[in-house]
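It should be emphasised that the depicted structure is a prediction, and the values quoted were computed from it without experimental measurement. As the structure lists them, so they are numbered: ligands from 1, and atoms in each ligand from 1.
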Amino acid sequence: MNSFTRRGLLLAGVAMGVATRGARAGLALKPGARDALIVVDVQNCFMPGGSLAVSKGDEIVPLINRIAKGFQNVVLTQDWHTPGHVSFASAHPGKKPFETIKLEYGNQVLWPDHCVQGTDGAAIDKGIDIPHAELIIRKGYHPQVDSYSAFIEADQHTRTGLDGYLKGRGIRTVYVVGLATDFCVAWTATDARKLDFDAYVIEDACRGIDTHGSLAAAWKSMAKAGVRRIQSSDLAI
Ligand code: VGL
Ligand code: ZN
């Protein structure tokens with residue numbers, strides 16, 4: 001065999017290896033003690049029929065349950081607003097849901113009333129079956145500040161404490177699933193990167209709202225922040 005033939009075989013082998021790992025067999029990511037799954041806002045208000053329904057949000061519930069079985073560490077989040085919260089269109093006379101206004105901390109999309117503390121709409125969907133979840137963290141409870149992120153409120157400054165909890169438990173990597181891809185999932189994953197975690201978003205275990213191009217914009221800013229976009233088939237679970 002001459003050196004060109006050998007080189008050709010070698011390159012073919014490398015190419016096949018890439019194809020096997022990347023496309024056919026998945027990435028084979030195996031969650032361990034330093035990994036946590038964050039299940040974002042799978043709450044009644046975001047389900048079909050809810051006040052801020054995310055299209056097909058119910059489809060991800062069985063998949064999330066299955067994924068969660070592969071994780072030792074699972075955190076659930078709940079959007080948890082005061083009545084009359086600043087993110088509600090109803091709190092701003094003349095404004096309608098999905099319009100944007102400028103607040104002290106920046107632009108705020110206005111939403112239908114949703115996930116009011118203690119209401120049935122704020123409860124986690126009954127189909128979620130993750131008894132080994134270790135923490136439920138609530139966010140968005142300050143009347144004048146929204147919090148899409150489970151880590152840092154919309155003022156870009158106030159912490160929820162989730163980073164301290166995860167770091168205190170030795171977690172280095174978070175996998176994010178839930179609702180909605182372009183808001184609470186995206187902001188949670190992006191802030192995870194800011195706080196020095198590795199972050200994956202499992203795309204098929206999320207659904208988006210997609211208002212004014214928000215879904216494409218969210219994937220772009222997640223990529224820029226170093227969030228890795230994967231599919232559930234990339235997990236070895
Ligand atoms: C969310 C809009 C308003 C979310 C929460 O969970 O993505 N979106 N509040
Ligand atoms: Zn909210």
For [atom], what is the closest protein heavy atom, and at what distance to 0.1 Å?
atom	answer
atom 2 (C) of ligand 1	Trp111 CE2, 3.4 Å
atom 5 (C) of ligand 1	Asp79 OD2, 3.1 Å
atom 4 (C) of ligand 1	Cys184 SG, 2.8 Å
atom 6 (O) of ligand 1	Asp41 OD2, 2.7 Å

Check: Ile130 and Ile64 side chains under 4.5 Å, non-hydrogen atoms:
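Ile64 reaches Ile130 side chain to side chain.
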State plainly whether one hydrophobic cluster holds both Trp111 and Leu103, where clusters connect Ile, Leu, Val, Met, Phe, Trp and Tyr through side-chain heavy atoms under 4.5 angstrom apart.
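No; Leu103 is not reachable from Trp111 via cluster members.
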How does Leu179 reach ligand 1, if at all, at less than 4.0 Å between non-hydrogen atoms: by side chain, backbone, both, or neither?
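For Leu179, the contact with ligand 1 is made by the backbone alone.
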Within a 6.0 Å radius of atom [atom1] on [X], are there more than 12 heavy atoms belonging to other residues, nucleotides or ligands?
X	atom1	value
Arg66	CZ	no
Arg172	CZ	no
Lys167	NZ	yes
His157	NE2	no

Indicate yes or no: does an N/O atom of Val185 lie under 3.5 Å from an N/O atom of ligand 1?
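There is no such contact.
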Heteroatom proximity flag, His114 to ligand 1, N/O under 3.5 Å
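Yes: some nitrogen or oxygen of His114 is under 3.5 Å from one in ligand 1.
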Before we go on, tell me: are the rings of Phe88 and His114 under 6.0 Å apart, centre to centre?
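Judged by ring-centre distance (under 6.0 Å), Phe88 and His114 do meet the cut-off.
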Within this structure, what is the CZ-CG distance for the pair Phe197 and Leu162, rounded to the nearest 0.5 Å?
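So the CZ of Phe197 and the CG of Leu162 are separated by 7.0 Å.
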With 2.8 Å as the limit, count the protein N, O or S atoms near the Zn ion (ligand 2).
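If we list every protein N, O or S atom nearer than 2.8 Å to the Zn ion (ligand 2), we get 3.
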Can you tell which of Arg138, Lys139, His85 makes a side chain to side chain donor-acceptor pair (under 3.5 Å) with Asp79?
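Filter result, single survivor: Lys139.
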